[in-house]
Amino acid sequence: MTIRSRAPRPTGRPASRLTTGLAARLTATATAGVLALSLAACGGTTKESSSASGGGKSDKNATANPNAPMKKGLKIAFLPKQVNNPYSTIVDNAGIAAAKEFGAQAKEVGPSDASASSQVSYINTLIQQRHDAILIAANDQNAVCNPLKQAMSQDIKVVAYDSDTNPACRDVFINQASSEDIGRSQVKLLADQIGAEGEIAILSATANATNQNTWIKYMQDELKKPEYSKMKLVKIAYGDDDDQKSFQQTQGLLQAYPNLKGIISPTTVGIAAAARYISGSQYKGKVALTGLGTPNQMRKFIKDGTVEKFALWDPANLGYLAAYAAGALASGQITGKQGEKFKAGKLGERTIGANGEIILGPPTVFDKNNIDDYDF
Ligand code: RAM
């Protein structure tokens with residue numbers, strides 16, 4: 001069972017509930033078996049207790065106590081890849097709201113570019129400010145590793161979300177979906193649109209991004225299957241999650257590879273910029289584009305026929321789950337070991353998997369039939 005709760009509705013569009021018919025049309029790209037998770041559709045912050053002690057650091061040698069109350073007044077900070085990315089805004093705002101649910105104070109800080117070392121000074125400041133937990137979408141798994149270890153040595157809990165760092169440098173990683181399923185399903189989405197034949201390219205985020213690089217690795221592996229033998233990956237380009245650079249990289253790809261049949265852009269910034277370029281070019285309707293995008297950014301390109309289908313998970317739920325994991329760590333309910341369980345508010349009980357990974361759930365595929373049912 002999959003919960004897809006609504007994200008904040010910035011445009012004020014009325015929320016329509018998913019009907020059974022629509023739910024049936026949604027293509028869950030992960031297999032059910034991936035999620036050894038119990039997604040109870042209810043629950044609240046049942047661990048909260050007014051008698052909980054306020055804001056102290058949890059003992060790092062303590063064993064997990066699943067019945068420990070959620071501490072009140074925890075200070076937690078979200079450090080996204082970059083602050084001026086609409087995707088990060090949705091994730092972090094939902095995380096900040098979730099933190100309020102269990103009585104924590106949360107904020108978002110971060111760089112305006114997604115370069116490798118841009119997050120280091122922020123980590124150092126958060127350590128000095130004695131936060132209880134730092135949540136980070138790592139721009140570079142190595143660049144942030146030592147500063148995060150520094151934080152952990154001072155008993156600050158570290159939650160990677162969206163983009164992982166080295167497992168030794170965080171307590172848990174909140175993964176939006178199975179990385180393997182995201183990567184493989186992107187190839188399938190494009191193959192469906194180009195008859196599994198022709199030259200293709202990938203327009204990624206930064207060259208260091210752990211999440212995109214992991215997905216690309218699975219895309220390349222998927223392309224080795226016999227059914228894709230007529231699809232040829234000719235180039236991986238990097239738009240650095242910068243709108244203008246992504247736009248220019250799209251233009252460059254289409255000029256350099258006149259036989260290009262399709263592009264996969266596994267970044268919300270990249271796919272939106274690529275769609276904008278293609279929609280105003282001679283390639284519209286000729287070169288397929290898919291990837292990971294937000295419905296609100298992609299709606300007009302679905303409607304004008306530039307894009308047939310693309311995917312994403314619910315970014316608000318990603319932030320929500322990350323916040324609860326941070327609270328559970330800082331309250332001693334979990335320590336990050338495989339098999340430990342905690343209650344994640346409306347998302348129900350969650351279990352830590354191998355390598356400290358906690359998976360949100362399968363992504364949704366958006367097309368002209370369902371895009372108006374989403375507003376984020
Ligand atoms: C961009 C970022 C983010 C990624 C999404 C899909 O916003 O690169 O890390 O998860 O796209």
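Remember, it's 1-based here, ligands and their atoms both numbered in the order they're listed.
For the atom pair NZ of Lys309 and CZ of Phe366, the computed distance is 13.5 Å after rounding to the nearest 0.5 Å.
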Worked verdict on Tyr161 versus Phe78 for ring pair (Phe, Tyr, Trp, His ring centres under 6.0 Å): CA-CA 9 Å; Tyr161 68 103; Phe78 285 82; 5.7 Å; yes
Dump the intermediate steps for ring pair (Phe, Tyr, Trp, His ring centres under 6.0 Å) on Phe102 and Tyr324, then the final yes or no. CA-CA 8 Å; Phe102 58 83; Tyr324 269 89; 4.9 Å; yes
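Under the 4.5 Å side-chain heavy-atom criterion for Ile, Leu, Val, Met, Phe, Trp and Tyr, Leu312 and Tyr374 are members of the same hydrophobic cluster.
Between Trp215 and ligand 1, no N or O atom pair is found at a separation short of 3.5 Å. At least one N/O-N/O distance between Asp162 and ligand 1 falls below 3.5 Å.
When Thr206, Thr267, Asn211, Asn85 are checked for heavy-atom proximity to atom 4 (C) of ligand 1, Asn211 turns out nearest.
The shell of residues lying under 4.0 angstrom from ligand 1, judged by heavy atoms, includes Trp313.
Looking from atom 2 (C) of ligand 1 to the surrounding protein, the closest heavy atom is Asp241 OD2, 3.2 Å. From the protein, the heavy atom lying nearest to atom 11 (O) of ligand 1 is Thr268 N, 2.9 Å.
A donor-acceptor contact under 3.5 angstrom links the side chains of Thr267 and Asp241, judged on distance only. With no hydrogens or angles considered, no side-chain donor-acceptor pair links Asn65 and Gln333 at under 3.5 Å.
Distances below 4.0 Å separate heavy atoms of Gln176 from the following atoms of ligand 1: 10 (O). Against a heavy-atom cut-off of under 4.0 Å, Lys81 is close to the following atoms of ligand 1: 2 (C), 3 (C), 8 (O), 9 (O).
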